[in-house]
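Below: the structure, in structure tokens.
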Amino acid sequence: MSTDFTYDLTIHHAPDEGGHFLANGTLFGGCFAAETLMQPLKEIETAFFEAWADDEFQAERLSLLKHYAGRATPLYHAQRLSKEVGGAQIYLKREDLNHTGAHKLNNTIGQALLARRMGKKKVIAETGAGQHGVATATVAALFDMQCDIYMGREDMRRQAPNVFRMKLLGANVIPVDSGTATLKDAVNEALRVWVANCEDTFYIFGTAAGPHPFPIMVRQFHTVIGQEARAQCLEQAGKLPDVAVACVGGGSNAIGLLHPLRDDDIRLVAVEAAGYGLETKEHAAALCKGKAGIIHGSLSYLLENDEGQVQPTHSISAGLDYPGVGPELAAMMESGRLEVDSATDDEALAAFQTLTKIEGIIPALESSHAIAAGMRIAAGMKPEHIVLINLSGRGDKDLGTVMDKLAVNAEGEAA
Amino acid sequence: MSRLSDVFSRCKSAHRSALVSYLTAGDPNIKTSEILLNTLAAQSDILEIGMPFSDPMADGPVIQAASERALAAGTHIQDVFRLTAQVRQQHPDLGIVLMGYANIPFVLGFENFAKQAVSAGADAVLLVDIPPEEGHICDAIFQQYGLDRILLLSPTSTEERIQLVCKHASGFIYYVSLNGITGADMGDMAAIEQQVGHIRKHTTLPLCVGFGVKTAKQAQEVGNFADGVVIGSHFVHTIPTHIADLETMNQALKQASLSIKEALLA
Ligand SMILES: Cc1ncc(COP(=O)(O)O)c(C=O)c1O
């Protein structure tokens, strides 16, 4: 799209004042935070809603999204993939072409502008795949802010190229060894650091989860995805998609794509990481297999044992390897508006290879889960139908993981 | 009157501040934990019994590690109740607070939790991540079962929040002396005293001060203006320090608590 895209800046389906999303009388979200964080969170909430209503803030945000991030990202009709699948037409929302290679920058631009507006000189963030860390380090470089990124040591190993990118961008990457040394522990550690430094530090939360106001704020910054995709699909195909599909870690790319479509007559599908299979314990499918629980400031679905201890998760993709999920997606599932699906490590890996070979697009392993499920769904539909898949990021960061995994699989086959 | 208010009136008559001690239940294992909890209970006016949790977001490394040890040793919530009951049996006048994170009672069901907590002999519950705004999920049940709900205040709490917390808290109010996690270094004493004085204008509840209190001297200073002094990491730390020898561990905990107790009596 060459002309300026016009975004709808109205906040639709807002949670209640306390950040609760209600579905059939069940409550999700909220602000389950320690007292020390309550006031800093209130300040962010106030600042966010003020900024959102401020034309100048929006003009600067949208200008950065356009000229710096490169929005609007394309909607691409993947014709060869559609033919290969032999069902519905598959359209890919190309968030992989967003600057830094994933949707994550939409959110960090918004939050960094907010941090600057609030006079904070320092930003911190957690990261799993490293994409949110890179997106945060990027805006910190742009706005000349000090930046500390907390990352599980296991994830640093899996996503080494992103660790180096963050360092090049001038951020400190601080390894987290506690618990399972993955994303949830990085969130714990970032929260601990934030508690001690909330005076001068802004916590740029990376997904549409966490305590209020993060779920609503992160969602608003990402609705550009769904708003663009909706208009682009109408323009290119002359109609809305029949199904919209996105992968879910904490839920930011999913809510960004799906929220602007929720009042349309469209099937909305969230795809979780099934790891070694939903029948095993080694997955990260909080919506499919979790129960209600409270973690990281929010009431939502959670992978936990019968006594509320959070369970270790597994996914081939670090960005989906998280035991919780954003409260709004949980509420949308509860109310029946959202379908949940999943893809295993192997299915994601196969989709990764298929998209690469057939379309010349190397997807992130996270996004490969959405591709895998989207292809499956499209296969059962007719050629006049449209399946819209959020290609949330590009796969360069995953080449090491894929290389190792393919080598192991080949050995297995040879044996 | 609740047992907690009895505790504070007794301390008040003795012109001293209450010693509020913390240990994580099941640390380093259930059997030893029973001994340690009773050792600490003997020196304390109120015992906070920590319910181990996989993701202790508000805790520093010392108490995080305590949770990890307790869970690794196979501590279940039923063990926490059992340990509580054992402490209660030996210490009928002790105030007992079950402390931890929201998800444990939430998953058990607040009603089920409250019932078992009361029958084990707990007087109050302190859930770090249920601020007054989210009290709607548990307050009515705790009240029905006669469990006090301890709430926190911190240096970031505004006037409005102080009023809100004072309105919803019962038992006592726990003033977190610093913006940080458990086990950090203590903030400026004069500022803490001033803030405690300020909170008093809003409540008649006893005010306890904690987070970062490690030395007898600090405890004594805090005791001069607070109704209770909370000591956690300093006591928990004796466990990993003497992990190889349970007898010295128990002795070290006894010594540590005695020296704080003496400072409060002085
Ligand atoms: C490319 C990509 N997609 C998806 C995710 C998952 O996060 P979310 O569910 O917030 O979109 C990540 C997280 O790192 C990511 O890097």
Decide yes or no on side-chain contact (heavy atoms from CB on, under 4.5 Å) for Leu299(A) and Phe106(B), but give the supporting numbers first.
-> CA-CA 10 Å; Leu299(A) 198 171; Phe106(B) 176 77; 3.9 Å; yes

Test side-chain contact (heavy atoms from CB on, under 4.5 Å) on Met38(A) and Thr156(B) and set out the steps.
-> CA-CA 8 Å; Met38(A) 290 303 286; Thr156(B) 58; over 6 Å; no

Against chain A, work out which of [options] has the most heavy-atom pairs shorter than 4.5 Å and name it.
{"options": "Ile130(B), Ile181(B), Leu108(B)", "answer": "Ile181(B)"}
{"options": "Glu68(B), Gln64(B), Gln78(B)", "answer": "Gln64(B)"}
{"options": "Thr158(B), Val176(B), Leu178(B)", "answer": "Thr158(B)"}

Over 12 foreign heavy atoms within 6.0 Å of [atom1], [X]:
{"X": "Phe225(B)", "atom1": "CZ", "result": "yes"}
{"X": "Lys167(B)", "atom1": "NZ", "result": "no"}
{"X": "His237(B)", "atom1": "NE2", "result": "no"}
{"X": "Gln144(B)", "atom1": "CD", "result": "yes"}
{"X": "Gln163(B)", "atom1": "CD", "result": "yes"}
{"X": "Lys281(A)", "atom1": "NZ", "result": "no"}

Structural part of [X] lying under 4.5 Å from a heavy atom of chain B:
{"X": "Glu304(A)", "answer": "side chain"}
{"X": "Ala33(A)", "answer": "backbone"}
{"X": "Cys198(A)", "answer": "side chain"}

With a 4.5 angstrom heavy-atom cut-off, which part of Ile137(B) approaches chain A: side chain, backbone, both or neither?
->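 Side chain of Ile137(B) only, per the 4.5 Å heavy-atom cut-off to chain A.
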
Assess whether side-chain contact (heavy atoms from CB on, under 4.5 Å) is satisfied between Leu153(B) and Glu35(A), documenting all intermediate values.
-> CA-CA 6 Å; Leu153(B) 279 170; Glu35(A) 175 62 24; 4.1 Å; yes

Using a heavy-atom cutoff of under 4.5 Å, enumerate the residues of residues 320-328 of chain A that contact chain B, numbered in order, or state 'none'.
->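 So no residue qualifies.
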
What residues of residues 17-29 of chain A sit under 4.5 Å from chain B when you count only heavy atoms?
->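 If one takes a 4.5 Å heavy-atom cut-off, the residues of residues 17-29 of chain A near chain B are Gly18(A), His20(A), Leu27(A).
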
With the side chain counted from C-beta on, respond yes when Glu133(B) and Cys31(A) share a heavy-atom pair under 4.5 Å apart, and no when they do not.
->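 Counting from C-beta outward, Glu133(B) and Cys31(A) never come under 4.5 Å.
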
Would you indicate whether the side-chain heavy atoms of Asp306(A) and Val107(B) approach each other to under 4.5 Å?
->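 Side-chain contact under 4.5 Å: no.
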
Would you compute the distance between atom [atom1] of [X] and atom [atom2] of [Y] and round it to the nearest 0.5 angstrom?
{"X": "Gln39(A)", "Y": "Asn179(B)", "atom1": "CD", "atom2": "CG", "value": "11.0 Å"}
{"X": "Asn188(A)", "Y": "Asp55(B)", "atom1": "CG", "atom2": "CG", "value": "4.5 Å"}
{"X": "Leu37(A)", "Y": "Ser154(B)", "atom1": "CG", "atom2": "OG", "value": "8.5 Å"}
{"X": "Ser67(B)", "Y": "Gln309(A)", "atom1": "OG", "atom2": "CD", "value": "7.5 Å"}

For Phe32(A) and Leu127(B), what are the C-alpha separation, side-chain angles and deciding distance, and is it a side-chain contact (heavy atoms from CB on, under 4.5 Å)?
-> CA-CA 10 Å; Phe32(A) 291 88; Leu127(B) 298 167; over 6 Å; no

If you tally heavy-atom pairs under 4.5 Å against chain B, which of Ile295(A), Leu191(A), Asp185(A), Val187(A) wins?
->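 That would be Ile295(A).
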
Can you list the steps and then say if Glu160(B) with Lys42(A) is a salt bridge (Lys or Arg N to Asp or Glu O under 4.0 Å)?
-> CA-CA 12 Å; Glu160(B) 203 183 345; Lys42(A) 290 244 142 76; over 6 Å; no

Verify, without hydrogens or angle tests, whether Arg192(A) (side chain) and Pro56(B) (backbone) share a donor-acceptor contact under 3.5 angstrom.
->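 Side chain of Arg192(A) to backbone of Pro56(B): a pair is present.
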
Give a yes or no answer on whether the side chain of Asn103(B) reaches the backbone of Gly293(A) with a donor-acceptor pair at less than 3.5 Å.
->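 No, Asn103(B) side chain to Gly293(A) backbone: no donor-acceptor pair under 3.5 Å.
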
